Every structure is written in structure tokens, then in C-alpha cells.
Amino acid sequence: MAEEKLTTRAQDFSAWYNELVERAQLAEHSPVRGCMVIRPNGYGIWELIQQNLDKMFKDTGHENAYFPLLIPQSFMSKEAEHVEGFAPELAVVTHGGGKELEEPLVIRPTSETMIYTMFAKWVQGYRDLPILMNQWANVVRWEMRTRLFLRTSEFLWQEGHTAHETEAEAEEETLKMLGVYRKFAEEFMAIPVITGLKTDSERFAGALRTYCIEAMMQDNKALQAGTSHNLGQNFSKAFDLKFQGRDGSVQYAWNTSWGVSTRLVGGIIMTHSDDDGLVLPPRLAPTVAVIVPIFKTDEERASVLEAADAIYNEMRSKGFRVKIDKRDNMSPGAKYYEWELKGVPLRIEIGPKDVANKTVVIVPRITLDSREAAKPGRKQKLFVSMDTLSNSIEELSSELQAQLLKNAIARREANTIRGVKTYEEMKEIFSKGEGAFVYAGWNGDPAIEAKVKEETKATIRCIPDAEFRSAVAPATCLVTGEKAKHEVIWSKAY
RNA sequence: CGGGGCGUGGCUCAGCCUGGUAGAGCACCUGGUUCGGGACUAGGGGGUCGGAGGUUCGAAUCCUCUCGCCCCGACCA
């Protein structure tokens with residue numbers, strides 16, 4: 001017995017998450033309060049997120065740039081709501097080179113103020129628009145309570161910033177990028193998301209409207225996985241971002257900003273992983289398959305390693321992210337547990353019998369409905385030919401990817417409650433720990449939203465887009481009984 | 001910032017009440033036997049007990065102060 005088992009999700013979801021992140025060597029707490037060190041296993045996931053999202057941004061016409069970490073404090077206060085929203089969580093640099101600075105510099109919590117200052121210099125006429133830009137960066141928000149990946153004082157993210165000639169164009173861009181996020185969540189992270197509009201209380205400080213993608217974690221709490229803001233002319237007016245229009249008049253530009261962060265890694269963990277450890281969607285797994293050679297005698301060792309190496313080299317040359325585990329101080333069983341903990345989607349076992357048969361055994365990290373069921377209490381074992389191994393890896397990867405999304409959708413639907421009749425009923429639901437997504441009518445009054453938050457800890461995650469709404473829209477506000485203005489989703493959230 | 005808990009080899013923790021300058025399991029190193037679901041065995045290396053001050057012949061242990069971390073709450077991606 002080497003390692004003890006993880007705390008299970010049922011025992012303590014929060015402890016399960018923390019143990020998993022550390023034991024799978026994704027990240028750990030740094031010597032600096034609230035900041036995390038992202039280890040290679042975790043950073044590899046982020047790198048794949050970056051690569052794939054970056055391609056999607058470029059395919060939609062955006063370019064990357066980089067703006068500075070430090071922002072003059074005065075910039076922050078130019079937009080009234082913005083400063084109010086971010087002031088409490090700013091880290092401020094007051095000294096440089098041993099001397100007190102004339103004006104303190106804040107470490108960016110987000111870069112609107114710096115970026116629109118620069119955009120203002122670059123834009124004179126309508127022909128200079130649109131500007132479609134993105135940056136990959138770190139930001140700092142001095143959070144009171146932190147959790148690895150989900151909320152840390154410093155985090156990595158991308159922030160897209162655009163400037164447009166018209167309000168309609170800005171709105172189109174805002175929704176387009178929300179769509180990109182949704183596509184990425186579903187196709188790469190295998191996380192089903194609900195798109196929708198934030199209420200005023202959850203809106204980005206300084207935005208006209210904030211749209212979001214919301215996902216349900218395994219404890220039925222919501223995770224805001226990405227946001228896309230229509231900033232209107234709030235920042236262009238604050239930063240004097242003007243252009244001369246087609247009619248000759250001077251106008252303020254229309255801006256959008258949108259971002260996702262390393263929080264997505266936390267979302268992937270909390271959506272798919274199980275009591276054995278991390279489960280990763282193949283498309284974002286730094287290692288898609290690990291080869292474990294098995295042998296007893298020296299002769300077996302030689303032939304098995306030769307075959308395993310051949311397979312390894314062939315798969316690498318074909319571009320598969322595979323690893324081979326040749327450690328000789330560990331039994332195969334111990335290796336299985338370790339790679340399962342680390343979330344590798346496919347395990348390829350190769351022993352003397354396989355070498356003789358020109359086959360390997362592939363064990364998928366989760367059960368695939370598309371394959372023959374395993375014997376009770378056992379894992380699925382798939383015997384595949386060495387000759388067609390790359391096809392098998394491709395097929396199994398996409399089956400596993402699809403299975404994860406399917407499982408996540410099923411779980412979300414099973415924990416979604418529509419048609420709640422009374423507020424008491426909803427209170428009852430949220431008092432029971434498990435949580436849910438509760439669809440209900442709302443009269444649009446922020447005071448009601450605040451009251452419910454106070455009494456249940458649940459908040460309005462979003463006003464869902466049409467495709468997510470109930471077939472029959474709730475006619476009345478669940479709390480007041482007045483005519484409902486919107487159907488909204490209530491949930492506890494991270 | 002309020003409430004709770006904790007700082008002792010890399011990790012998890014015991015020792016503290018009833019002071020006598022450290023101990024276990026895991027991990028690590030070396031050898032042998034093992035290896036298709038968490039191996040066994042023999043030997044070995046590594047800590048001055050978060051920090052500072054105090055009491056004492058003597059402090060991981062008692063006292064004071066301090067720093068940090070974790071959990072719960074208010075705030076948030």
C-alpha cells in the first residue's frame with residue numbers, strides 16, 4: 001500500500017478537490033498568500049486551452065498584443081463604475097528603485113483602462129476600426145478567500161478587447177465571442193454550458209451588458225466559465241476613444257471585452273473527475289495515452305521493451321501525446337493507480353502475451369458506453385491490434401471525449417429543476433446542500449435578487465438564452481407572485 | 001476583517017498536559033528477490049521542532065509577542 005485513497009466526493013467535495021489538485025500535481029499553494037504554483041501537469045492543460053482558443057480567436061480575425069502589467073492608479077478612476085468595482089481588490093505598487101513613486105501603480109486586475117488609452121492613440125477615423133485584439137496575461141485581484149484554480153490572487157487569462165464603429169457591431173462581436181467560448185467549452189472541455197445575460201448585480205463593472213457561459217459542477221454548484229461584455233461607450237468616453245465617422249462627425253467608439261481564465265482548469269476537474277482522481281478530456285490532456293510495459297524475466301523484459309519503444313516512437317512521430325512508463329521500481333498496478341490519479345485518458349498495457357499476439361490492451365479512464373461492458377467490478381479492457389493502434393487511439397479518444405460531454409449533460413439535466421411552484425419550495429431545495437439549477441420567473445427587481453441571495457445563498461446565474469428556456473415560460477415571479485419579467489436560473493455558485 | 005483550526009525530516013502526523021536537546025508511516029538512496037491492479041526484505045541518508053523574546057541548570061514541551069497557512073463567513077472570475 002503506497003498512497004491512501006482520495007477523500008471521496010460524497011464525503012467532502014471540497015476536500016476531494018483540494019487533495020486531487022495536489023496529488024495529481026496540478027498545482028499547489030505558493031509561499032505567497034493566495035497565489036498558486038501551476039505544476040507541469042496543470043500547466044500542460046492550460047497550454048492546450050491556450051493553443052486551441054488562440055486558434056479560434058485568430059480564425060475570427062483577432063490579433064494578439066501585449067500591454068503592461070503596471071497601470072497608473074489614476075487610470076482606474078476614469079470610469080466611475082469600474083473603479084468602484086475593482087478598488088477593493090487592487091494591489092498597488094508604491095515604491096520603485098528605492099524611492100516612493102509620485103503616482104502609485106496598480107497591478108492590472110484587468111486591462112480595459114490601459115488598452116483603451118492606447119486604442120485612443122491609434123484611432124482617428126472610422127477606417128481605423130474595428131480593432132480586434134487579445135492578450136494572454138496574468139492579472140492580480142486581492143481576493144479574501146482563494147482556492148486553487150477557481151480563485152487565486154494572481155491568475156492567468158486572456159482578455160479580448162475590441163473597438164467598433166457602431167453599437168450593433170459591438171453587440172455582434174460580444175455575442176460572437178460568447179459563441180466561441182461556448183463552442184470551446186463543449187467541444188474541447190466537454191463541458192455543457194448555458195449561455196445567457198447577467199443581471200445588473202453580476203454585470204462587469206463598467207459594462208453595458210455582460211453575457212456569460214455557466215456550467216454545473218459535480219456538486220451542482222454553478223461555475224461562471226467565461227464572460228463577454230458589451231462595454232457600450234462607457235470606456236471610450238472615459239478614455240477619449242473617438243473617431244471621425246462616415247458622416248464627418250466625431251463619435252465615440254463602441255467597445256467589447258471578453259475573457260476566460262485558469263479557472264477553466266478548475267472547471268474541468270470539477271466536471272469530470274471521480275474518486276480515483278483526475279479525468280481529462282482527451283483534447284486537452286497533456287498526455288493522451290501512457291504505455292505501461294509488463295514483464296517478469298529478462299528475456300520478456302527485452303522483447304516487451306522493444307515492442308513498447310517501437311509503439312511509443314511510432315505514436316510520437318504521428319503526433320500523439322503519448323508517454324511510456326519504464327520505471328522499474330514500481331509494479332504495473334502501482335503505475336495504473338498513478339496514471340489514473342493523473343487523469344490520462346487511455347492506458348496502453350503491453351506484456352509478453354501481447355507481444356506474441358501483436359496486440360495491446362487499452363484501458364479507458366472512464367467507461368465507454370460505445371464498447372462492450374466490463375465484467376462487474378472490473379475496468380473495461382480493450383484488446384486492439386498493434387498494426388492499427390493509431391486508429392484505435394483516435395477512435396477511443398473521440399469516444400471518450402463524447403462520453404464525457406454526454407455524462408456531463410445528463411448530470412446537469414438530472415439536477416435541473418423547472419416548474420417550482422413556490423419560493424418555499426426553492427428555499428427547501430437550496431437548504432439541502434446538494435443544490436441545483438432552478439429555473440423560475442423573476443420580476444426583474446434587484447432587491448428581490450438580493451433577498452433571495454441573503455436567504456438561500458443562491459444567486460441568479462443568468463437570464464438564459466432562448467434555447468435554454470423552459471417550454472412554457474413562468475408567468476409569475478416566484479418570490480413576489482407579480483408578473484415575471486424574465487425566466488432566470490438560480491443556483492449557488494463558485 | 002469576524003469565528004475555528006494548525007505550524008515538528010519532502011508529505012501525513014505522534015511527542016507537549018506531567019520540561020531532560022526528537023519519533024512513526026509514506027517518500028528517498030543502496031543491494032537482493034519481485035512485477036498482467038497499489039511488492040517484500042536488509043541496510044542507509046535526512047529535521048533542532050514557523051520566528052523572536054522570556055522562565056529554567058535544562059524548552060518541541062511552560063509564558064509573552066509575532067509571522068504564516070488552512071477551513072467557515074462577508075467580497076469575487
Side-chain angles (χ1 to χ4, degrees), chain A residues 1-6 12 14-15 17-19 22-23 25 28-36 84-90 109-110 139-159 181 198 201-205 210 212-215 222-229 257-267 276-277 292-298 300-301 304 325-341 347-355 359-361 363 374 377-379 381 383 453-454 457 459 461 493-494:
Chain A
M1 278 298 166
E3 289 279 337
E4 287 179 23
K5 287 198 186 306
L6 281 172
D12 184 343
S14 189
Y17 177 83
N18 290 333
E19 283 176 30
E22 293 215 18
R23 300 251 297 257
Q25 298 178 356
E28 56 187 79
H29 294 284
S30 76
V32 180
R33 191 200 81 97
C35 295
M36 67 173 166
E84 194 187 325
F86 282 102
E89 48 188 81
L90 291 179
T110 179
V139 290
V140 169
R141 298 179 188 178
W142 214 259
E143 299 290 351
M144 304 309 283
R145 274 190 63 201
T146 60
R147 293 194 68 190
L148 294 172
F149 288 115
L150 298 174
R151 177 168 298 106
T152 46
S153 295
E154 179 191 15
F155 57 94
L156 305 182
W157 76 343
Q158 61 67 217
E159 47 181 324
Y181 287 155
K198 284 292 186 189
S201 68
E202 300 264 331
R203 204 184 64 231
F204 176 74
T210 289
C212 62
I213 53 172
E214 293 283 330
L223 184 78
Q224 177 175 307
T227 46
S228 186
H229 315 293
S257 70
W258 26 276
V260 297
S261 71
T262 34
R263 165 177 263 200
L264 293 182
V265 178
D276 295 327
V292 179
I294 298 155
F295 46 78
K296 287 192 172 97
T297 64
D298 281 347
E300 285 174 354
R301 177 194 168 89
V304 166
D325 187 349
K326 296 195 204 181
R327 286 175 295 180
D328 59 4
N329 59 341
M330 244 176 140
S331 68
K335 291 178 183 180
Y336 300 165
Y337 281 102
E338 182 179 315
W339 292 113
E340 280 164 14
L341 172 66
R347 177 173 76 239
I348 300 174
E349 303 174 11
I350 173 165
K353 293 176 216 163
D354 302 298
V355 174
T359 59
V360 297
V361 174
V363 180
R378 313 296 288 275
K379 299 242 178 201
K381 284 198 168 198
F383 296 85
K453 181 178 182 181
E454 171 73 25
K457 307 276 188 233
T459 51
R461 300 322 304 156
Y494 278 98

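Computed from heavy atoms alone, side chains included, the values below leave out hydrogens, waters and symmetry copies. Numbers restart at 1 for each chain; the letters A, B, ... are given by sequence-line order, proteins then strands. Not measured: the values here are computed from a predicted model.
If you check C71(B), G36(B), A39(B) against the side chain of Pro352(A), the one that comes closest is G36(B). Among G36(B), G38(B), C70(B), the nucleotide with an atom closest to any side-chain atom of Ala334(A) is G38(B). Residue Ser331(A) places its side chain closer to A39(B) than to any other of A39(B), C70(B), C35(B). Closest to the side chain of Lys296(A), out of C35(B), G37(B), G36(B), is C35(B).
Between the C1' atoms of U55(B) and U12(B), the separation comes to 33 Å (whole Å). If you take atom P in G43(B) and the same atom in C26(B), they sit 15 Å apart, rounded to whole Å. Using P as the reference atom, G50(B) and C17(B) are 15 Å apart when rounded to the nearest Å.
Under the ring-ring contact (aromatic ring centres under 6.0 Å, His included) criterion, Trp339(A) pairs with no residue at all, not counting sequence neighbours. Taking the salt bridge (Lys or Arg N to Asp or Glu O under 4.0 Å) definition, one finds that Glu338(A) meets it with Arg327(A), Lys342(A), sequence neighbours left out.
Comparing Arg461(A) and Ser14(A) against RNA chain B, the residue whose closest nucleotide sits nearer the 5' end is Ser14(A).
Residue contacts for Arg147(A): at a heavy-atom cut-off of 4.0 Å it reaches no nucleic acid atom on any strand shown. Among the protein residues, Lys457(A) comes within range of the sugar-phosphate backbone only, with heavy atoms under 4.0 Å from sugar or phosphate atoms but none that close to a base. Residue contacts shown for Arg378(A) are absent, as no nucleic acid heavy atom lies under 4.0 Å away. At the heavy-atom level, Leu223(A) lies nowhere under 4.0 Å from the strands shown.
Judged by distance alone with a 3.5 Å cut-off, a donor-acceptor contact links the side chain of Glu340(A) to the base of G37(B).
Once the 5.5 Å centre distance and the 30° plane angle are applied, the aromatic ring of Tyr337(A) is found stacked with the base of G38(B).
Counted by atom type alone, Arg203(A) and Ser201(A) present zero donor-acceptor pairs between their side chains at under 3.5 Å.
Under the Watson-Crick or G-U wobble criterion, with both distances below 3.5 Å, G46(B) has no partner in any strand shown.
Closest approach of Thr146(A) to Gly34(A), counting heavy atoms only: OG1-CA, 3.6 Å.
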